[in-house]
Structures are given as structure tokens and as C-alpha cells.
Amino acid sequence: MNDFWNWDHAAAVFPSLIKGLGVTVLATVIGMVIAAILGLLVAIVRRSGVRAVTWPVGFLVEFIRSTPLLVQLVFANLLFTQFPSLAVGCAVLGIHYATYMSEVYRAGIDAVPKGQWEAAVALDLPRGRTWRDVILPQAIRNTLPGLGNYAISMFKETPFLAFIYVVEMYAAAQAYGGGNFRYMEAITLAGLLFLLVSYPTSLLVRRMENRLA
Amino acid sequence: MSDNLQILVDLLPRLGEGVLVTLELTVGGAVLALLVAFVLGLAGRARTRWARVPSRVVVEFFRGTSLVVQIFWLYYVLPLPPFYVELDPLACGIIALGLNYGAYAAEVVRGSINAVPTGQWEAATALDMGPVHRLRRVILPQAWPLMMPLFTNLLIQLVKGSALATYVSLHDLNFFIGELRKGTTETVFAYTVGLLVYFAIAYALTLVMNALEARAKNNVGQGPSLREILRLTPARVDTAEVRP
């Protein structure tokens, strides 16, 4: 049994894992803020109907969506060596998820009944106010569960940051494993900590979904 | 630039090998994921608790932990005591991808089967069909078109996830990008080529999946058949469908 699981190793690795968890959560929060804002902008731009804009943006979104995040991270990190890896990582995570979020927003905006647009036109509201005060408040309500789900999936993709030398939770586990030749406790605990954070969050999102539906 | 292209042409066989490994991971992972999805998805809506609870635990476990952690757990922890299971890196990648995305797909299977109207279940029961017969002939053909678009998304996710394989010592497309970068010393060139190849793979898979989706829909009487879509002359469109 002690060969299988050693509590001394588990206790020794735990503080650095918690420290890594902080970085993981930080990256998720910053990434999600970028994704939420940029995704909305992309969704609005893609609805503009000006083909000279929608075409390149559409291609870029498809391109970023269907190529691996890992490759994008390593690429960006090699390109922007003057910035710290964590900043590059957060930006790439944010941009990658913005392309997913833009689809969520698009669906949310499409789900706003047509009558709302017509009413805004009938009331002679300017375009900016129509978006700000009529459409978006209703659309964003529809997108909250999507936002939550992508936050969880981004949380689970932060270990990719380890490959650009950001010491988040997974990298901390890996470092301990390599230094002490004990991967068992470190990697297993890292996995369990992920589960410990992501499962309650997913329950919360599901409740939010049920309440909004 | 022409030097870079020359190096790229010289490295083309290596690119082929890289793409092959990526495709092996993708196809292997997808087949395993589909298997896992149906087993866990069907168990997830079983009547007995003995099937439902384990299925939920497994699904939540693989959805809740990170793919990176899973693949490295298989690669680094399994060969150690007390397991002593040394997996081939390719098997490692396929198992991790299959289990992770299979757990996601299990939810798709469960949700799609639940979305088939209850009247269909009742009608099949009224016709005295057994459970297997009912599922195979009535429920699954209707649930399948609902699953397809979501499976397409997951397949693209799986292709992207396969880039991790480089770090368990597989020479996949991601590894080739690194080689090309070393050969040309041009980061932008190497990564642009690499990302374009990934994009091409994902795009081709999307096209195939869309065709399968059209076929699945046609099988239950929705939308044109695949042959009609691929025909050069445009298919006759039902005017009722065009009207908003």
C-alpha cells in the first residue's frame, strides 16, 4: 500500500499544487474576461452584413477554432518573447475561446424575437441604443450557461500553459514528480483538484441553466 | 522564402508521417470515443441504479479532469508500481482521447435519445418490439441525426487535442512543426504551414461529417439525400421550406 500511495509525498506536493491552482484560476478568469468581451465584439461584427468585414473575420474565427490551442500557445510564445509567458497564455486562451463564445452570442442574439427589433425601429431608437438597451440584455441572459460551460472547459485546458513554462497546477505537479521520482501522488492530486473545482462549478452552471430556461 | 519552401519540400515525407500519426490518433480516438459514448450513454439512462450511478461517476470523472492530466497519468504513472502497465505512446494517446471525448459524447448520446418523443417509445412498445429491436429500429435512427452535429464538434476538438501527443514522444503533426521550425529557423513560416495543415484536416473532417449528417437526416425523411446534394444540377427545393 505504501508503495502505491505515500501520504508524505502527498503532503509535500500539496502546497505547490495549491499555489499552482491559484495561477490556474487566475489564467481562467483573465482568459474568460477577454473571451467574453472579444466574443461579443466578433458576434456583432459578423452580424453587420458588410461582406468586406464579415468574410475575413469569419475565416479567422474558423481558422482559430479548428486549429489546436496547444500549437497556438507555443507559436504565440515564440513570437512574443518580450511579454511574460503568463500574459501571452492568457491572451491566447482568451482569443481562442472568444471564437467559441462568438457562436454562443450569435445564437443568443438570434434567439431574441424579431418583434423586439421591429419595436425598437418603431420607437425610432438609434442603432447603438437598440443593441445596448434592448437586444443585448435579452441575448446575454441566454448566453450565461454557455459562458459557464466554456469557463469550465477553459479551466481544464489551462494545463496547456505548462508547455509554455507557466507554472500552473499541472506544471507544479510535473516538477515535483520529476524532482522526486514520485509522479503518482502529484499527478493524481492535480487531477483530483481539477475535479474538485470543476464539478461543483458544473453543478452551479446546470442550476443556472434550469433557472434561466 | 524560396529557401523555406525548398526545406518544406525536402521535409514533405516527414510531414506525411506526422499527418499519418495525427490521423491514427484521431481515428483511433474517435472509434474508442464512440464505443465509450454508447456504452456510458445507454447505461446512463438504464433503469437500475447499478448501471446508472457508475456511468455517471465515470462520465463526470473524465469530463471533470483535464485531458493533459489524463494523458500524462497514463504515460508517467501507469508504468510505475503498483500498476506496471507500460503502454505504447500511441495507445496512451488513443486511450486518453477516447475516454475524455467519449465521456463528452456519452452526454450527447443520452441527451439525443431523451429528445426522441415519448410517443415513439410507446408506439414501439404497443407494436410489441423488444428493447433491443425498439432501440435499433425506432429510437436510434431518430436520435442519430440529432447526435451528428454535436459529434462533429467533438471530432474537431479531438483533432485539436491530439496535438498533445508530441509530449508523449509521438512524432505527430505538432512535432513536425517543431522540426520545420528548426530546419528553417522561421517561426512564423513553420507555424503558419502547420496550422494550415491542421485547418485542412479539420475542414475535411467537417465536410465528411456534414455529409454523414445529411444522410442520417435523409434516412428519417428530413432534407435531401446525399446524392441530391452532390448532384451538379441544383436539387429541386421545396418552396415551403424557403418561405420564412
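Numbered from 1 within each chain, the chains take letters A, B, ... in sequence-line order. Every heavy atom of this structure was used, including side-chain atoms; hydrogens, water molecules and symmetry mates were not.
Note on S202(A), P159(A), S198(A), A190(A): by heavy-atom pairs under 4.5 Å with chain B, the leading option is P159(A). Of the listed residues (I201(B), L173(B), L196(B)), the greatest number of heavy-atom pairs within a distance under 4.5 Å of chain A belongs to L196(B). For the options V74(A), L79(A), L69(A), heavy-atom pairs under 4.5 Å to chain B are most numerous at V74(A). In terms of heavy-atom pairs under 4.5 angstrom with chain A, the leader among V197(B), L195(B), V69(B) is L195(B). For the options F163(A), Y199(A), F160(A), F194(A), heavy-atom pairs under 4.5 Å to chain B are most numerous at F163(A). Residue with the most contacts toward chain B among E157(A), Q72(A), M169(A), R65(A): R65(A) (heavy-atom pairs, distance under 4.5 Å). When each of Q157(B), R181(B), Q70(B) is scored by its heavy-atom pairs under 4.5 Å with chain A, the top score falls to R181(B). In terms of non-hydrogen atom pairs under 4.5 Å with chain A, the most contact-rich of I177(B), I156(B), L164(B) is L164(B).
For L70(A), the part lying under 4.5 angstrom from a heavy atom of chain B is the side chain only. For F62(B), no part sits under 4.5 Å from any heavy atom of chain A, backbone or side chain. Contacts between T201(A) and chain B at a heavy-atom distance below 4.5 Å are absent for every atom of the residue. Of the atoms belonging to F61(B), heavy atoms from both backbone and side chain fall under 4.5 Å from chain A. At a 4.5 Å heavy-atom cutoff, the contact between Q174(A) and chain B is made by side-chain atoms alone.
F63(A) and F199(B) have tilted rings, their planes meeting at an angle from 30° to 60° on a 0 to 90° scale.
Judged purely by atom type and a 3.5 angstrom limit, S85(A) has no side-chain atom pairing as donor or acceptor with the backbone of V166(A).
Ring centroid separation for the pair Y170(A) and F72(B) comes in under the 6.0 Å cut-off.
Residue F38(B) places its CZ atom among more than 12 non-hydrogen atoms of other residues, nucleotides or ligands, all under 6.0 Å distant.
Between F176(B) and T166(B), the closest side-chain pair of non-hydrogen atoms is not below 4.5 Å. Residues N6(A) and E185(A) have side chains in contact (heavy-atom distance under 4.5 Å, counting atoms from C-beta outward).
Nearest heavy atom pair, residue T28(A) against residue M154(A), reads O-SD, 3.6 Å. Smallest separation of non-hydrogen atoms from T26(B) and L155(B): CG2-CD1, 4.1 Å.
Checked by atom type, the side-chain pair S153(A)/Y100(A) shows no donor-acceptor distance below 3.5 Å.
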